[in-house]
Amino acid sequence: MNLLSHLNGVQKDAVEYTDGPSMIIAGAGSGKTRVLTYKIAHLIEKGVDPFQIMALTFTNKAAREMKERIEHLVRGTEARNVWMGTFHSIFARILRIEAEKIGFPQNFTIYDTDDSKSIIKKILNEQQLDDKLYKPSQVLGRISGAKNNLISHFDYNNNPEILQADRDSGKSKLGMIYTIYQERLRKSSAMDFDDLLFNTNLLLRDFPEVLIKYQRRFKYFLVDEYQDTNYSQYLIVKRLAAMNENLTVVGDDAQSIYAFRGANIQNILNMHKDYPQLKTFKLEQNYRSTQNIVAVANSVIAKNKKQIEKTIWTENHDGEKIRLHSTLTENEEGSLVARSIFEIKNTKAVAYTDFAVLYRTNAQSRSIEEALRRINIPYRIYGGQSFYSRKEIKDLLSYFRVVINPNDEEALLRIINLPKRGIGQTSIDKLRVEANRLNISLWDLIEGLESNPILPRATALKIVEFATMIKSFRIDLKTKSAFDMAEHITRHSGFYTSLYQARDEDEGVMRFENMEELLSGIKEFSESDTGEEGENKLHSLEEFMQDIALHTDADQQDKNEANQVTLMTIHAAKGLEFSYVFIVGLEENLFPSLLSLNSRADIEEERRLFYVAITRGKEQVFMSYAESRYKWGNLQYSEPSRFISELDPKYIEDHTADKILSSDTKKPSKNDLFGAGFQKTFEKKPEPNKLSKKEETPTENVPSNLKKIETSGQGAATVNHDQSDSIQVGMEVYHDRFGIGKVLTLDGKGADRKATVFFTNAGTKILILRFAKLRILKQ
DNA sequence: CTGTCCTCACTTTTT
DNA sequence: GTGAGGACAG
């Protein structure tokens, strides 16, 4: 196959430039993945052994998709031998091979963020530090930041500037926490995410023979999303590629959205310093989006000061303008989106998979979700609570973790009394203190408990029993298949029975099913024959578990890849594209996030995030904001995002005034998808509570332009002497206790009629009008 | 030791 | 509204 014929000029040049360092600056939608996959395919066609190619991606999903695409391009099954994966998974693999050199067992456990946080909490507790001052997530962030810049806990505690900074912020104990944290990890034979990269750097720095081994082994390196790499990742690549410098990095500074976790845009800006003979290719033609989308995206990103100069353009058609809408509440925003999807789907004959709803924070998914469910639109939420982070799954995985690595204290503590076996908190605390005192792992202590009676006989006996059970599981670890092993553990630990019996509880059935799903996933894994050499290789539980912590929800192969609308954060949407994209929650303090308002750099990152969101769209982009939204359980008033005013109005169709018109004059026209939505949402309960579910009338399910126009006049015709009946959204009212306020929403009927009112002095209150005796100040 | 009830803090974004 | 963690009774 002539690979190169599918590429444009620059793409072709970039693909053909195989020997030597190169950087591809790839604008959104410019065929970045295409170039990467074709380049790898091209290398293989040229005769490069796939085993000598290392391709690093940002997500597992990207790796998998790229692999599939290469397999389509290259004959045979060769392509699967490319070392392709995330930084974390590839180097975890290498670390397992070399673990002993840096003092870890080959079966070390990878701790996820929950595990890490849990350790931090324990340390804070033991050290009697206030967890309000030392917020676990912030402490972890600080440690993570240090590691990503290759500052060990030793370096940290010897760096006067860092220590001073910590003292200045009143958190002088951070260095100590870092040290203890690392000790705990080591005692548990565990590494956190950052350690995987940190320790890889140690390995390559301190063991020249290892460095040379991998430098010889890999001849070609390709790095995707290079703008999102941190210093630690940068240095790994630099070291490995140092021998022959066949390094290709692909990225777009305009899409750098992970600075918050240490990504360093300088990595891309400074490439030419490390590699003077660097060849740079700029992919500037966008093949994905319409003229309007590209233009509006360009107008947004132009507001950023710091960027590599480039001009993204497209030959695609103009397309529709970007539609901008506002609603009164987040629930109305949800309805608006749901209705629009419904109508576009029907008028344009497209699939649900062509739609995506993108938001800044996971918490925003709820209102969208409810609205979609209400009119029976199938959807899938990515991110948020992942399968692997559900309690029952974490519990069962903890069993497997302990069996594989009994030193894994986090896992051990999770299961030592699960199901209940009479080992309570008091005993566990005593054991932990004792283990710390002896400086041994918790497992080492309980394994030899008979000879160290620090607990009442009865309790000690129960613990010995538990330890014996774990030991018995360990016997078959190397000989049994992953599934046989997993099933054996699940049944003989009492875990299966306890979940089975709990099926009549609220979430019981789901838990049980989740457990079964995990087991069937393991079964699938056991029976797979993806081994590089020969099919009859036994797939062990150890193998299954080794990078499970690195899997996220988005990586799960979409089995029931039905026709579904996609809901995800903008971060999660990076690299994806959809015909119709809804960007919701464009409100100040939400997007841009409140926490980003401190510095220009942070705002610029938010803006890049906005840019990423817009450029996901192929055909049309919709934006919306809600004037009020629930935060921390109560209603908050919000203002439109500053980003909205940065959009070039030439490409915008502004509907933010619609709702005012819709209540009296405006009639929905045929293609006014949103207008109809407003008619309806206007007098619908904005807050779906228990009642709204069952009281839904059949008309609820028919989102149509034709309905309910007659009710749109709402209050205009109502003549009633009781003032509470004439209260309208937007009015200024007076309350005896709360003072002056503005009516945000109204819902309910008759005696139940309620108003959400924002009071200047008292905040937002929901009032039952029958009792509230509001007086109208201004219409 | 276990279960239940109450309080409170919580929201960025992810490997 | 939710989930984690503390207080307290059995």
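Quick caveat, the model's predicted, so the values are computed rather than measured. Values below: all heavy atoms of this structure, side chains included; hydrogens, waters and symmetry mates excluded. In what follows, chains carry the letters A, B, and so on, assigned in the order in which the sequence lines appear, proteins first and then strands, with residues in each chain numbered from 1.
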Per atom distances to the A:Lys121 side chain, the nearest of B:dT13, C:dA4, B:dT2 is C:dA4
**Asked** For B:dT14, does OP1 or OP2 lie under 4.0 Å from any side-chain N or O of A:Thr569?
**Response** yes
Closest to the side chain of A:Ala572, out of B:dT14, B:dT15, B:dC1, is B:dT14
Tell me whether the OP1 or OP2 atom of B:dT15 has a side-chain N or O from A:Asn148 closer than 4.0 Å.
-> no
Of C:dG5, B:dT15, B:dC1, the nucleotide closest to the side chain of A:Arg261 is B:dT15
Looking only at C:dT2, B:dT14, B:dT15, the nucleotide nearest the A:Thr86 side chain is B:dT15
Rounded to whole Å, CG of A:Asp114 lies from P of B:dT15 at a distance of 14 Å
From CD of A:Gln425 across to P of B:dT2 the rounded distance in Å is 10 Å
Point to revise | Close aromatic pair by centroid cut-off 6.0 Å: A:Phe387 and A:His551 | key: no
| request: Quick one: label A:Lys420 by what it contacts on the DNA or RNA (base, sugar-phosphate, nothing), any heavy atom closer than 4.0 Å. | output: sugar-phosphate
task: Select base, sugar-phosphate, or nothing to describe what A:Thr459 touches, counting heavy atoms under 4.0 Å on all strands.
output: nothing
From the list A:Arg414, A:Arg184, A:Arg401, salt bridge (charged side-chain N to carboxylate O under 4.0 Å, His left out) with A:Asp408 holds only for A:Arg401
Exercise for review: Using the salt bridge (Lys or Arg N to Asp or Glu O under 4.0 Å) rule, take A:Lys121 and A:Asp131 through it: C-alpha gap first, then chi angles, then the decisive distance, then the call.
Suggested key: CA-CA 8 Å; A:Lys121 279 183 199 158; A:Asp131 66 358; over 6 Å; no
Open item on the list: When you compare the side chain of A:Tyr359 with that of A:Asn362, does any pair of heavy atoms fall below 4.5 Å?
Closed with: yes
| said: For a quick test of reading the model: is some side-chain N or O of A:Thr59 closer than 4.0 Å to OP1 or OP2 of B:dT14? | reply: no
Fill in: Polar contact flag, side-chain donor to acceptor under 3.5 angstrom, A:Arg239-A:Asn201
yes
Atom CG of A:Asp194 and atom P of B:dT14 are separated, to the nearest Å, by 16 Å
Taking for A:Ala363 and for A:Gly424 the nucleotide of DNA chain B with the nearest heavy atom, the one nearer the 5' end belongs to A:Gly424
DNA chain B nearest-nucleotide lookup for A:His571 and A:Gly422: closer to the 5′ end is A:Gly422
To the nearest angstrom, the CE-P distance between A:Met568 and B:dT13 comes to 14 Å
Point to revise | Whole-angstrom distance between B:dT13 and C:dA4, as gauged at atom P | key: 16 Å
Review point. Would you call A:Phe260 stacked on B:dT13, i.e. ring centres under 5.5 Å apart with the planes less than 30° off parallel?
Key: yes
Side-chain atoms of A:Arg366 come closest, of C:dG1, B:dT11, B:dT14, to C:dG1
| said: Categorize A:Ser89 for me: base, sugar-phosphate, or nothing, with a 4.0 angstrom heavy-atom threshold over every strand shown. | reply: nothing
request  = Test side chain to side chain donor-acceptor pair (under 3.5 Å) on A:Thr109 and A:Asn405 and set out the steps.
outcome  = CA-CA 7 Å; A:Thr109 305; A:Asn405 168 18; 2.9 Å; yes
Query raised in the report: Which part of the nucleic acid does A:Tyr258 contact within heavy-atom distance under 4.0 Å: base, sugar-phosphate only, or nothing?
Result: sugar-phosphate
With sugar-phosphate meaning primed atoms plus P, OP1 and OP2, does A:Lys135 contact a base, only sugar-phosphate, or nothing at under 4.0 Å between heavy atoms?
sugar-phosphate
Classify A:Asp112 by what it touches in the nucleic acid, base, sugar-phosphate, or nothing, heavy-atom distance under 4.0 Å. nothing
Taken to the nearest whole Å, CD1/A:Ile428 to P/B:dC1 is 8 Å
A:Ile381 atom CD1 is separated from B:dT13 atom P, nearest whole Å, by 13 Å
Taking any heavy-atom pair under 4.0 Å as a contact, classify A:Phe591: base, sugar-phosphate, or nothing. nothing
Worksheet item: Does a side-chain N or O from A:Asn362 land closer than 4.0 Å to OP1 or OP2 of B:dT14, or not?
Response: yes
note: A:Asn417, atom CG; B:dT2, atom C1'; distance rounded to Å ~ 9 Å
Here the distance between atom P of B:dT11 and atom CD of A:Glu606, to the nearest Å, is 16 Å
Do A:Asp192 and A:Tyr181 pair up side chain to side chain, a donor and an acceptor below 3.5 Å, judged on atom types alone? yes
